[in-house]
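Written out below as structure tokens is the structure these notes cover.
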Amino acid sequence: KGVDSHIVIVGCGISGIGAAQKLIKHGFKNVRILEATQRSGGRIKTTRLGNKIVEIGANWIHGPSKENPVFRLACRYRLLDEEALSEQNQALDVGGHPPFKPNWFCSSGGKLGPDVTEPVAALFASLLQQSQQFHAEQREPVPSVGEFLKGELARHAAQWGDGPAARRLKLAVASVLLKLECSISGAHSMDCVGLGAYGLYETLPGLDCTFPRGYEGLIDAMMKELPRGIVSYSRPVRCIHWDGAFRRAGKTFPVLIECENGETFPANHVIVTVPLGYLKKHQDTLLSPALPLGKAHAIQRMGFGTNNKIFLEFDEPFWDPDCEVIYFVWDDESPVTDVVPDVQKYWMKKLFGFTVLRPTEKYGHLLCGWIAGEESEYMETLSEEEVKQSITQVIRRFTGNPVITPKRILRSQWHLDPYTCGSYSYVAVGCSASDIDSIAEPLPLKQSQSEPLQVLFAGEATSKSFFSTTHGALLAGWREADRLIAHHTTSPPSAPLNS
Ligand code: 6YU
């Protein structure tokens, strides 16, 4: 018992690192992290396109203010710029949707004016707000956010006094906003996202900010606080044997972690932080004995989708100097008519548009495109050149410029990543807060007579209010470390690491 307990953490993303930091701070001596890849950070991944810093995974601190533990750590490590640190920035409450200055391009070539786009954007924002309220009211008029939004859009559109052409254009604008929501939720369609649980996700105050020198700087700073050699890299875990009695060096352990290369690690406790996508795919083999049925079903019910980025660099901008987000409106699309998409032929129509990397002095003319769902997964299977050609055709059509060509491209492939299998989690139709509780519940379950807390679960998907974020992942890692600290000490769990 006590600090001599052997603890293995599976996964060296922010959740696993956060758990390790806290355990070590509380005197746990035998902590080891097993990481499948050759690097720390998981879905926090910074790279370069030419000499520009780009984020392949997490982009922003969502809600950078005192309540956000990632913001607090970033402040402590001095990783943010003046603007993000300002009280004014921290006080802004934008409900998770920063008011980026838009340019709306249309497939017929040319820009749409605010007379068309603004009323739709305002209506859409108010419908989203309504979607989030059903959780508190404990009711859902329809099962999914998509059905609710589309039903309300159809109802409003019927009352729009414009002619049929203007109405069609406004519906096409609403279609883009639905695609944007797919990227935010990381879901193929908003029809997959549960309406009753949509309000579970909490936004924090603060205008979303980025890390000027890269998100991975946070991981580097956290890693420096861990003992050297605590992580074993290139150690994909094949199976966690639990509820056993494994003899090692004269001691008996209830858990034995087996890696792909045959190496084994005995433990009293293991904290599993692998992404939900990985867990869904490997849940039959990752644990032995198998997961209890209720937990296995919760893992299958919870949503985990794909959202990818496509970076494009240009010599000259085709957007306005103050533009922060570019939307591509396909004027033949409508959210109120269901069409079965031909993914292979039209995957690029799922791209809602681009965010503009700023400031220009630092990034030049660099855009980040966003694409979610099955189309995004198909895009991953194409070569970078094929992606570049398809998107270039789209940009030429929308701008009316027949020669415009991006000079460089880089895209993410989160679904093909064997240790992530997608991007992040969402609360799917038929899923509720109790499913997240069930995924997070340690093994063995409470009624068991066996050694307690053998297998614990952290990672972003186990955070009830902040799933899909870095702060949710960090808090989940701390939560499981606290659970072990409380188990091994009589005193209550400590205050947050950085408070
Ligand atoms: C955020 C943002 N952001 C964009 C994109 C992505 C994500 N997120 P990790 O995966 O990091 O670590 C697990 C490790 O386990 C990993 O290293 C594996 O290699 C390892 N592993 C796996 N199998 C193993 C095995 N068998 N053996 C050993 N090791 C194994 N979050 O805060 N801001 O801007 C974005 C974004 C493209 C892909 C993001 C963002 C999500 C975060 O990146 C993610 O949650 C954490 O990094 C996960 O950390 P972890 O430690 O849990 O896992 C209303 C409502 C709507 C709800 N949603 C709204 C919120 C919007 C979320 N937005 C995200 C958007 C962007 C742009």
Side-chain angles (χ1 to χ4, degrees), residues 8-19 33-45 55-64 68 70-71 95-97 128-129 131-132 135 145 181 183-187 190 193 197-203 208-210 215 218-219 231-240 257 259-260 272-279 281-282 285-286 303 305-309 355 368 370-372 376 412-415 417-427 457-463 465-477:
V8 169
I9 298 169
V10 183
C12 196
I14 193 168
S15 200
I17 299 168
I33 304 180
L34 300 178
E35 167 55 44
T37 68
Q38 291 171 18
R39 57 177 286 278
S40 303
R43 281 169 277 173
I44 294 177
K45 188 174 184 183
E55 305 292 358
I56 297 295
N59 217 75
W60 294 281
I61 302 181
H62 290 307
N68 185 324
V70 167
F71 177 71
H97 283 73
L128 272 180
Q129 248 179 10
S131 309
Q132 281 155 2
H135 176 61
V145 177
E181 285 315 307
S183 276
I184 293 176
S185 281
M190 291 310 282
V193 180
Y198 196 50
L200 256 185
Y201 180 82
E202 282 176 36
T203 56
D208 292 3
C209 69
T210 55
Y215 226 124
L218 174 69
I219 297 296
V231 188
S232 300
Y233 292 101
S234 305
R235 295 294 195 291
V237 167
R238 187 211 315 263
C239 185
I240 298 163
I257 294 105
C259 293
E260 293 283 355
V272 179
T273 75
V274 302
L276 181 67
Y278 183 90
L279 209 49
K281 195 165 172 188
H282 298 282
T285 50
L286 188 64
T306 302
N307 183 26
N308 274 307
K309 301 181 179 182
T355 46
C368 174
W370 299 85
I371 181 163
S376 189
S412 61
Q413 289 171 294
W414 285 106
H415 186 251
D417 183 318
Y419 300 110
T420 313
C421 312
S423 297
Y424 39 88
S425 55
Y426 62 89
V427 185
F457 294 84
E460 54 86 11
T462 69
S463 167
S465 311
F466 303 122
F467 52 86
S468 74
T469 66
T470 55
H471 52 285
L474 179 59
L475 286 170

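In each ligand, atom 1 is the first atom listed, and ligand 1 is the first ligand listed.
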Side chain, backbone, both or neither: the part of Glu460 lying under 4.0 Å from ligand 1 by heavy atom: both
Criterion side-chain hydrogen bond (donor to acceptor under 3.5 Å, both in side chains) on Glu460 and Ser425, from CA distance to verdict: CA-CA 8 Å; Glu460 54 86 11; Ser425 55; 2.6 Å; yes
Minimum-distance protein heavy atom relative to atom 13 (C) of ligand 1: Thr273 O, 3.5 Å
Sub-3.5 Å N/O-N/O distance, Trp370 and ligand 1: no
Which segment of Tyr201 sits under 4.0 Å of ligand 1 when only heavy atoms are counted: side chain
N or O contact, Ser185 vs ligand 1, cut-off under 3.5 Å: no
Polar proximity ligand 1 side, Trp414 side, N/O cut 3.5 Å exclusive: no
Which segment of Leu286 sits under 4.0 Å of ligand 1 when only heavy atoms are counted: neither
Polar proximity ligand 1 side, Arg43 side, N/O cut 3.5 Å exclusive: yes
Protein contact of atom 65 (C) of ligand 1 - nearest heavy atom, named by residue and atom, plus distance: Tyr424 OH, 3.5 Å
Min side-chain heavy-atom separation Ser234-Thr37 under 4.5 Å: no
Polar proximity ligand 1 side, Ile61 side, N/O cut 3.5 Å exclusive: no
Closest protein heavy atom to atom 26 (N) of ligand 1, given as residue, atom name and distance to 0.1 Å: Tyr278 OH, 3.0 Å
Ligand 1 contacted by Tyr426 (non-hydrogen, < 4.0 Å): no
Val274 N/O to ligand 1 N/O under 3.5 Å: no
Considering all heavy atoms, the nearest Trp370-Trp60 contact: CZ2-CH2, 3.7 Å
Any Tyr201 side-chain heavy atom under 4.5 Å of Val427 side chain: no
Proximal candidate to atom 8 (N) of ligand 1 [heavy atom criterion; set Cys259, Ser412, Ser234, Ser468]: Ser468
Side chain, backbone, both or neither: the part of Gln132 lying under 4.0 Å from ligand 1 by heavy atom: side chain
Contact check: Asn59 vs ligand 1, nitrogen or oxygen atoms, below 3.5 angstrom: yes
Residue part near ligand 1, for Asn307, under 4.0 Å between non-hydrogen atoms: backbone
Min side-chain heavy-atom separation Phe466-Glu202 under 4.5 Å: yes
